[in-house]
Participant: 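Dumping the structure here so I can ask a few things about it.
Labels below follow one simple rule: chain letters A, B, ... track the order of the sequence lines, proteins then strands, and each chain is numbered from 1.
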Number of protein chains: 2
Amino acid sequence: MSAIGNLRAVSEAYPCDENGLRALFLRQPSEIAEAGAALFFEGDPACHVFHLVSGNVRICRFLADGHRFIIGFLRAGDLIGLSFRSRYMFGAEAIDRVAFRRMSKRMFEEELQLAPEHRSQMLSHLRDEITASQDHMLLLSQKNAEERVCTFLLDRLDSDDTPGLVSLPMIRSDIADYLGMTIETVSRTLTKLVLKGIILPAARHQFKVVSRSSLARHANEANEYDDHQGEALRVLQ
Amino acid sequence: MSAIGNLRAVSEAYPCDENGLRALFLRQPSEIAEAGAALFFEGDPACHVFHLVSGNVRICRFLADGHRFIIGFLRAGDLIGLSFRSRYMFGAEAIDRVAFRRMSKRMFEEELQLAPEHRSQMLSHLRDEITASQDHMLLLSQKNAEERVCTFLLDRLDSDDTPGLVSLPMIRSDIADYLGMTIETVSRTLTKLVLKGIILPAARHQFKVVSRSSLARHANEANEYDDHQGEALRVLQ
DNA sequence: CGCCTATTTGACGTGACTCAACTCCCGTGG
DNA sequence: CCACGGGAGTTGAGTCACGTCAAATAGGCG
C-alpha cells in the first residue's frame, strides 16, 4: 500500500465507491509530463488537484540537510492534492512519461458542493492515507532491510495488473529513499532474495515472484484486521 | 507534533476552528482509566470516539513478531477515533491516570448531521494527522539518534504548558518505540544532550531546555512552509 | 528497610552505511 | 555495425552508529 493511499486499490475492493471523485476529472484536458519533470514543488501554493491517467509519479520531501525522503509512489488512477491546506507539503515528480488531468481546488470544491456524497469519499480517502502512513511508519521504525524490501514487493505485487510480476519503474535511489535505506543495501537485498529463490529477475525493471507466501513470511507484516465496508462503516460518512 | 495529530495545538492556532467537535462531548459522562489500562485494543470493533479530559495516552501497534511501535502520544484535549473504519487500527493505553469522555460513533454521526460545519473540521483534523504522519516518517527514515530525540523534545516543548520545560510522562521504552530506537540509545542520547548543555534534568520526567535554538539546530527539521488558514484554505472545507 | 521497576552506564557485536571499483544497459554518433 | 559515454546497478572491503547483553544505580512504594 502506498503511503499516499492508492485509490485504485480501494475502488477495486468497493467498485462503486471512489469512481465518483475521479469521474470529475474527465472533462479536464489531459496533460503530459516528461520523465523527471515536476508536477509541482514542495512549498508551492496548492492550487490544483491532480488525477493520474498513466505513468508513475514519486512524492518527495527534503530535510534541512538536503536528504530526500520519498513518501510514496503514485500510478494511473491515483489522485494527488486532497490532503493539502494552502501549500503542497511535498513535491510530485514524474518517474516516466506521465499523463494527467488537473482541476483547480475551487472548481473541485464546487463539484463537491453539487454532489455532497463525494465528501464521504474524501474522508474515506484520507483515512486510507492515514492507515497507509502508519503502516509505513511501522516499516521504517521496526523492520530490517529484508523485511522492508519484501513488504515493498508485496505491496506492488498486490496492486499490479499482471499476477506474479512486480514492476519497479522507479530507479533504485527512489526505492532506497522510500524504504529508508541506501541503494547499495536495496541492491544487495534484492540479490539475496533472488539467491533464496523467492524472486526472479524478469526484465530491467521487473521481477517475477516465485513464492508469494515466502515473500509474505519474510515481510513480517503486522496483523491485519477486517476493515471492510459494513454496518459500522456508514457511521461518519 | 504528535503522529496522531494534536487537536489542541490546532485550536490554539485557530481558536474558533476545532472547539466545535470537542464541545460535543461535554454532555457525556467522564470516565477514568488507571495507568496501564487500555481504552481499546488494536483490532477491536471501532464503536466509540474518545475525548481526553486529562492524562496521557499512548497509541500502539504490533508487528507479527511481537515488536511494538508507538504511533503517537495524546493528551488532554485530543480526540481519538476519527480516522477509523470498522475496527481500531491500533490500541490506546493510559500512560498515567486518564479522564476521558466517549461517544458512540452513531451518536457522533448524528451530531455531525445536525451541524454539518463539523465535517470540515473532520477533514481538517485528518489532514493534520496526515501531515504529522509524514513528518514522523521523515524522522524515522532519515534522522539519526540525536536528531530524533531533539525533534521529539522540540515537539513536546512547543505543545507544553510551561515554557522552557519539557515533560515526558511516558517511560523510556515508550519513547524508544515511538522514535524507532532502543531505551539504551534514548538514555545515552539524553545524557549527551545534557553534557552538551542543551537540556538540564529538572524532575524525574521533566527536562529544562537551556537553548531552544540549539535544540532546533540539532533536530535537522525539514523546511517549513506557511500553511495558515487563508484564502486558498477555504477551498475544500 | 527491602523489593521491584525504571534508568543509566559499560563492553561488545553487527547490520547497514560509506567509499570505491566494476559491470550492465542503452542511446548516440562515427 | 561497433565504439563510446554516461547513468544505473551490482559487488566488495572497511567503518561506524546503534543494537545487544549485562551490570550497576536510582527511585518509588509498601
Participant: For F84(B) and F40(B), take the angle between the two ring planes, folded into 0 to 90°, and tell me which bin it lands in: parallel under 30, tilted 30 to 60, perpendicular over 60.
Facilitator: perpendicular
Participant: Using whole Å, report how far CD1 of I171(B) lies from C1' of dT5(C).
Facilitator: 9 Å
Participant: Report the distance from atom CD1 of I183(A) to atom P of dC19(C), rounded to the nearest whole Å.
Facilitator: 12 Å
Participant: Taking atom types as modelled and ignoring hydrogens, do the side chains of S211(A) and R217(A) form a donor-acceptor contact shorter than 3.5 angstrom?
Facilitator: no
Participant: Over how many whole Å does the gap from H205(B) atom NE2 to dT5(C) atom C1' extend?
Facilitator: 11 Å
Participant: In whole Å, what is the span from the CZ atom of R172(A) to the P atom of dT11(D)?
Facilitator: 11 Å
Participant: Quick one: salt bridge (charged side-chain N to carboxylate O under 4.0 Å, His left out) partners of R212(B), sequence neighbours excluded?
Facilitator: D158(B)
Participant: Between atom CD in Q142(B) and atom P in dA16(C), what is the gap in whole Å?
Facilitator: 16 Å
Participant: Tell me which one of D78(B), D174(B), D177(B), D96(B) satisfies salt bridge (charged side-chain N to carboxylate O under 4.0 Å, His left out) with R58(B).
Facilitator: D174(B)
Participant: Rounded to whole angstroms, how far apart are CG on L190(B) and P on dT7(C)?
Facilitator: 10 Å
Participant: Expressed in angstrom and rounded to an integer, what is the separation of D174(A) atom CG from dG7(D) atom P?
Facilitator: 16 Å
Participant: Where along nucleotides 15-30 of chain D does protein come under 4.0 Å, by heavy atom, of base (B) or sugar-phosphate alone (S), with - for untouched nucleotides?
Facilitator: ---SSBB-----SS--
Participant: Can I get a per-line list of side-chain donor-acceptor pairs under 3.5 Å for residues 46-53 of chain A, giving both atom names and the distance, sequence neighbours left out?
Facilitator:
none

Participant: Can a side chain N or O of T191(B) be found less than 4.0 Å away from OP1 or OP2 on dT9(C)?
Facilitator: yes
Participant: CD1 of I95(B) versus C1' of dA6(C): gap in Å, rounded?
Facilitator: 15 Å
Participant: Does R188(B) pair with E146(B) as a salt bridge, N-O distance under 4.0 Å?
Facilitator: no
